[in-house]
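A short write-up of the structure that comes next.
Letters go in sequence order (proteins before strands), and every chain restarts at 1.
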2 protein chains.
Amino acid sequence: MGAVTLSQVAQAAGVSLATASRVLNGSARTPGAGVAERVRDAAQALGYVANAQAQALARSSSGLLGLIVHDIADPYFSSIARGVQRVAQAEGRTLLLAGTDGGPAEERAALEVFASRRADAVVLAGSRQESPDNAALRREAERYLRNDGRLVLLGHALTDDASVLEIPHERLAGELADALIDDGARSFHLVGGPEGLLTSDQRLRGFRGALAARGLSEASLRRAAFGRDGGFAAGAALVPVLRESRQRGEWPVVFAANDRMAMGVAAALREQGLHAPSDYGLAGFDDIDTLRDFQPGLSTVHLPLEGIGAAAARVALGGEAEPVRGQVILRESTRRV
Amino acid sequence: MGAVTLSQVAQAAGVSLATASRVLNGSARTPGAGVAERVRDAAQALGYVANAQAQALARSSSGLLGLIVHDIADPYFSSIARGVQRVAQAEGRTLLLAGTDGGPAEERAALEVFASRRADAVVLAGSRQESPDNAALRREAERYLRNDGRLVLLGHALTDDASVLEIPHERLAGELADALIDDGARSFHLVGGPEGLLTSDQRLRGFRGALAARGLSEASLRRAAFGRDGGFAAGAALVPVLRESRQRGEWPVVFAANDRMAMGVAAALREQGLHAPSDYGLAGFDDIDTLRDFQPGLSTVHLPLEGIGAAAARVALGGEAEPVRGQVILRESTRRV
DNA sequence: AAAGTTTCGGAAAGCGCTTGCCAAGTGGCG
DNA sequence: CGCCACTTGGCAAGCGCTTTCCGAAACTTT
């Protein structure tokens with residue numbers, strides 16, 4: 001009851017295995033027209049579907065592209081995934097997906113799985129973070145690279161040999177800070193992910209750097225989980241601080257290191273009767289899709305997430321890296337009334 | 001330069017290929033402890049990673065689970081994908097992902113790709129719709145099933161042989177209508193996807209059925225693309241209608257066949273100065289994650305999307321189907337002031 | 001027309017692994 | 001001590017396909 005094999009097709013067409021293979025599965029040599037047609041007809045009639053596993057084994061190239069993300073349900077990653085998937089499909093590759101919830105240990109495991117599938121290339125999309133497990137991940141990456149795998153990291157390097165699609169978190173965060181200052185903001189509260197999470201750290205560093213360059217510094221810095229709930233927690237803790245700031249006649253601006261945190265902050269503050277932009281300013285980072293219907297419109301740094309995914313996939317498939325461009329976008333949430 | 005093979009490990013450990021295989025890649029027979037250790041050490045030292053392709057070929061079972069969605073960046077699908085991925089990972093399967101943008105032709109192609117990879121099972125998550133391409137998709141599905149593949153559909157049947165994880169769209173939409181009527185709503189405007197899109201049709205049918213059962217009927221019905229932009233377009237078209245309804249002293253309620261459409265509707269109406277719930281009521285369907293930070297809180301039908309994905313994956317892997325439970329959730333958007 | 005060139009189908013050797021079968025070794029028991 | 005029942009490792013036959021190498025046939029060329 002198993003699937004139809006090439007040799008069955010060959011037999012039905014009255015040709016050899018080799019000929020059938022050449023006709024059906026693309027080869028340098030193209031058999032004569034008559035033979036080719038017979039083979040194709042037989043394949044059609046039998047409902048032949050080539051066994052990609054066997055092809056991969058024989059060709060020693062699997063046509064597989066792996067994607068490792070923290071959480072596919074997070075709009076940040078799902079947008080990137082969409083880009084990767086689009087390119088993979090266009091290039092005739094099959095996409096393998098793994099979710100790791102951010103742990104380097106899980107990332108290592110996922111990479112090993114992909115390596116065992118002999119994926120031609122892997123895109124590792126999660127933010128790096130400091131962890132004792134990183135050494136193991138790095139070793140796994142090096143082994144994968146040594147076995148002719150291509151590995152593309154998003155944003156941060158892992159080993160010298162893997163390609164990196166650079167994302168200018170730091171610079172863009174600086175530009176955001178500049179834009180806010182130009183807009184008149186003077187009092188800043190920062191909300192970031194846990195220390196050691198590179199994406200978050202770079203954004204905070206860029207923001208603070210820009211403040212310092214203008215002779216300013218942040219009024220407070222809070223760290224929490226790098227997602228909506230972390231933002232909520234940080235926001236709740238910010239309530240009294242912002243209230244005091246208001247009483248001093250200031251208009252405090254909260255910069256959260258990503259949009260999800262910013263949304264959490266907004267939710268927490270809203271619960272306490274504080275609203276942006278009237279009571280405080282709020283800015284995020286990423287410009288995830290979700291923002292489109294978020295009120296008030298959130299000032300942020302736009303990152304072309306789907307394009308980033310696509311670019312990463314192209315690099316993984318042997319293409320050239322193109323620089324990632326982000327852009328500061330000021331919306332209502334920082335429009336002081 | 002290629003990867004380390006089992007036979008290299010066997011040689012290094014001074015045992016036969018068969019023994020090495022039994023030690024490393026799980027077999028009914030477990031070799032003696034001393035030998036096992038030698039093999040494991042050798043594997044470790046050489047950095048051996050089993051070739052899953054070759055294993056799949058030899059075992060004739062690939063350990064692959066395919067997932068076909070319309071758009072992985074859509075929170076509806078990405079939540080489902082998360083569930084599928086979680087179960088796949090927990091069960092030691094590798095997840096293949098394909099996005100189709102909703103076309104049955106692309107779904108067929110994706111299914112063929114997964115079939116050629118000899119995926120043990122496939123979850124087809126997109127909504128069915130009437131299309132001439134459906135016949136080809138059905139044939140592909142039947143072929144896949146005939147070749148011992150397992151296929152799980154989400155929501156709607158495709159062929160008699162494929163499992164279906166039923167989602168009671170119709171019943172739940174009816175319950176939502178009932179709840180709204182109980183709340184005092186009397187004037188209803190429906191916004192749905194294109195005719196023939198089963199998910200949308202079932203939800204509309206359920207909603208209208210419940211209206212009819214209470215002696216009501218919808219004041220208008222509009223169809224547009226089954227996403228945020230479609231909702232926006234429909235919302236824009238609704239403006240005059242709702243205005244008139246208001247002038248008659250009514251409080252019109254808009255039911256959109258999914259949350260994304262509802263959000264589009266809200267955006268369009270907001271632009272025209274109409275706000276929920278003061279000017280109109282608004283309800284959606286799905287309770288996607290995004291809703292968490294949407295203002296006003298959107299009344300909807302909660303579907304445990306991640307759980308649905310997980311359940312589908314379990315069925316695909318041979319488990320029992322558990323019924324999908326949804327739940328009407330009334331939030332601020334239909335709380336008449 | 002003979003020799004050289006090209007074209008084309010087929011045989012067979014892998015790709016890296018699993019597994020049925022066999023032979024040798026081990027221990028238990030009468 | 002001899003026989004039997006197990007264990008345990010190894011041999012070899014695949015799994016379904018690609019691809020190299022051959023030989024035969026079909027053309028050219030002079």
Of the listed nucleotides ([options]), which one gets closest to any side-chain atom of [X]?
X: B/Gln55; options: D/dT19, D/dG16, C/dT18; answer: C/dT18
X: B/Leu17; options: D/dC15, C/dT18, C/dT19; answer: C/dT18
X: B/Thr19; options: C/dT18, C/dG10, D/dG9; answer: D/dG9
X: B/Arg59; options: D/dC17, D/dT19, C/dT19; answer: C/dT19
X: A/Ala58; options: C/dG20, D/dG14, D/dG16; answer: D/dG16
X: B/Thr5; options: D/dG10, C/dG16, D/dT19; answer: C/dG16
X: B/Asn51; options: C/dG16, C/dT19, D/dG10; answer: C/dG16

Length of the [atom1]-[atom2] vector between [X] and [N], whole Å:
X: A/Leu46; N: D/dG16; atom1: CG; atom2: P; answer: 14 Å
X: A/Leu6; N: C/dA12; atom1: CG; atom2: P; answer: 18 Å
X: A/Gln53; N: C/dT18; atom1: CD; atom2: C1'; answer: 14 Å
X: B/Leu24; N: C/dT18; atom1: CG; atom2: P; answer: 9 Å
X: A/Gln8; N: D/dC15; atom1: CD; atom2: P; answer: 11 Å
X: B/Arg117; N: D/dG16; atom1: CZ; atom2: P; answer: 17 Å
X: A/Arg118; N: C/dC17; atom1: CZ; atom2: P; answer: 7 Å
X: B/Arg22; N: D/dT8; atom1: CZ; atom2: P; answer: 11 Å

- request: Using a strict cut-off of less than 4.0 Å between a Lys/Arg side-chain nitrogen and an Asp/Glu carboxylate oxygen, indicate whether B/Arg86 and B/Glu306 qualify as a salt bridge.
  value: yes
message: Reading DNA chain C from 5' onward, which residue's closest nucleotide shows up sooner: B/Ala18 or B/Leu57?
response: B/Leu57
- prompt: Can you list the steps and then say if A/His156 with A/Gln202 is a side-chain hydrogen bond (donor to acceptor under 3.5 Å, both in side chains)?
  reply: CA-CA 10 Å; A/His156 325 283; A/Gln202 292 178 0; 3.2 Å; yes
query: What is the nucleic acid contact for A/Ser21, judged by heavy atoms within less than 4.0 Å: base, sugar-phosphate only, or nothing?
result: base
- request: Mind checking B/Ser60 for me? I need base, sugar-phosphate or nothing, with any heavy atom below 4.0 Å counting as a touch.
  value: nothing
Please tabulate, one pair per line, all N/O donor-acceptor pairs under 3.5 Å involving side-chain atoms of residues 36-47 of chain A, not counting sequence neighbours.
residue	atom	partner	partner atom	Å
A/Arg38	NE	A/Ala13	O	3.0
A/Arg38	NH2	A/Ala13	O	3.3

field: Greater than 12 external heavy atoms within 6.0 Å of B/Gln11's CD
entry: no
field: Residue whose closest nucleotide on DNA chain D lies nearer the 5' end, B/Gly14 versus A/Ala50
entry: B/Gly14
message: Please check this pair: side chain of B/Asn147 against backbone of B/Gly149, looking for a donor-acceptor N/O pair closer than 3.5 Å.
response: no
query: Is the backbone N or O of A/Glu91 less than 3.5 Å from a side-chain atom of A/Arg93, with the two atoms forming a donor-acceptor pair by type?
result: yes
field: Steps toward side-chain hydrogen bond (donor to acceptor under 3.5 Å, both in side chains) verdict (A/Ser163, A/Arg150)
entry: CA-CA 8 Å; A/Ser163 320; A/Arg150 300 183 62 98; 4.8 Å; no
- prompt: Between the two ends of the helix from C/dA1-D/dT30 to C/dG30-D/dC1, what is the bend in degrees, rounded to 10 degrees, where each end axis spans five pairs?
  reply: 40°
message: Going by side-chain contact (heavy atoms from CB on, under 4.5 Å), A/Leu97 matches just one of A/Leu65, A/Ile72, A/Ile68. Which one?
response: A/Ile72
